[in-house]
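Keep in mind the model is a prediction, meaning the values are calculated, not measured. FYI, side chains are in, hydrogens and waters are out, and symmetry mates aren't considered; it's all heavy atoms of this structure.
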Amino acid sequence: MGVAAVTTGVMWSARGEESATAAPPSDDVGTPMLELSATPTAPASDLDDECRADRGDQRSGAGVIAAWNYAYYVRRDAVAARALATPNSSVVPAEQLQPFIDEIPVGTNYCVRTKALSEDVYLVDLSELRPDGVQRITQTVTTQQIDGTWFVDVFN
């Protein structure tokens with residue numbers, strides 16, 4: 001099961017439904033970009049292995065994992081979440097991702113804990129705090145730095 005990209009293990013399946021979310025800003029080649037604050041909440045080393053639900057950032061692998069989950073659970077925006085993934089990521093396109101986000105009950109909170117296994121691979125422990133109970137999902141997430149910016153890449 002995937003953590004950030006998959007909360008129920010079925011998110012990788014293809015669906016043809018379209019998202020109703022507005023397009024985020026894009027770079028000069030048309031790649032969508034998520035606007036994050038210029039200042040990280042705390043240095044990545046201070047947040048490693050702490051349960052967090054903040055906005056995250058793209059300054060580290062742990063930061064982009066937090067940002068991905070923020071886009072997924074707080075913004076409920078597949079376009080924003082997909083913009084945080086590498087172009088060849090295992091994350092499905094936004095129009096296939098949005099129905100899974102929409103299935104998460106309103107009022108669901110989350111907490112994500114990351115533990116660096118290497119510079120770009122993290123053990124991720126996600127706790128979904130749904131109105132009907134808690135679901136815990138653990139997996140590894142590979143991140144990748146491209147031109148100084150971190151992205152999620154592979155969810156195992």
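- Using a 3.5 Å distance cut-off with no hydrogens or angles, the side chains of D120 and S118 do pair a donor with an acceptor.
- Residues F151 and V91 fall into different hydrophobic clusters, defined by Ile, Leu, Val, Met, Phe, Trp and Tyr side chains chained together at heavy-atom separations under 4.5 Å.
- At least one side-chain heavy atom of P131 sits under 4.5 Å from a side-chain heavy atom of T108.
- Within the 4.5 Å cutoff, no side-chain heavy atoms of D57 are placed close to those of V64.
- Across all non-hydrogen atoms, the minimal contact from A94 to A78 is O-CB, 3.4 Å.
- With values rounded to the nearest 0.5 angstrom, Q58 atom CD is found 5.0 Å from L84 atom CG.
- Contact between A66 and G56 at its shortest, heavy atoms only, is CB-CA, 3.8 Å.
- By the criterion of side-chain heavy atoms lying less than 4.5 angstrom apart, applied directly or through intervening Ile, Leu, Val, Met, Phe, Trp or Tyr residues, V152 is grouped together with I137 in one hydrophobic cluster.
- Side chain of R76 to backbone of I101: a donor-acceptor contact under 3.5 angstrom is found.
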| Step-by-step side chain to side chain contact (heavy atoms under 4.5 Å, CB included) determination, L126 to Y73 | CA-CA 11 Å; L126 171 72; Y73 287 99; 3.2 Å; yes
| message | Pair Q144, W150 - check side chain to side chain contact (heavy atoms under 4.5 Å, CB included), show working. | response | CA-CA 6 Å; Q144 184 177 8; W150 286 88; 5.7 Å; no
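- Under 4.0 Å is where a charged nitrogen must lie from a carboxylate oxygen, and between D54 and R52 at least one such pair does.
- Of all heavy-atom pairs between R130 and P105, the closest is NH1-CD, 3.3 Å.
- Counting heavy atoms from C-beta outward, L97 and Y72 have side chains that approach closer than 4.5 Å.
- A continuous path of ILVMFWY side-chain contacts below 4.5 Å connects I104 to V74, so both sit in one hydrophobic cluster.
- For T142 and D153, the side-chain atoms include no donor-acceptor pair closer than 3.5 Å.
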| said: Run V134 and E128 through side chain to side chain contact (heavy atoms under 4.5 Å, CB included) and show every step you take. | reply: CA-CA 6 Å; V134 175; E128 271 189 359; over 6 Å; no
| task | Could you check V124 against I65 for side chain to side chain contact (heavy atoms under 4.5 Å, CB included), going step by step and ending with a plain yes or no? | result | CA-CA 9 Å; V124 178; I65 291 167; 4.0 Å; yes
| said: Please evaluate residues R136 and D125 with respect to the criterion salt bridge (Lys or Arg N to Asp or Glu O under 4.0 Å), reporting the C-alpha separation (whole Å), side-chain torsions for both, the decisive distance (0.1 Å), and the verdict. | reply: CA-CA 7 Å; R136 189 169 173 198; D125 183 11; 2.5 Å; yes
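- Y110 and L123 are members of different hydrophobic clusters when ILVMFWY side chains are connected at heavy-atom separations under 4.5 Å.
- When the side chains of ILVMFWY residues are joined at heavy-atom separations under 4.5 Å, either directly or via intervening members, L129 and F100 end up in two distinct hydrophobic clusters.
- Side-chain contact check for S89 versus R82: some heavy-atom pair is nearer than 4.5 Å.
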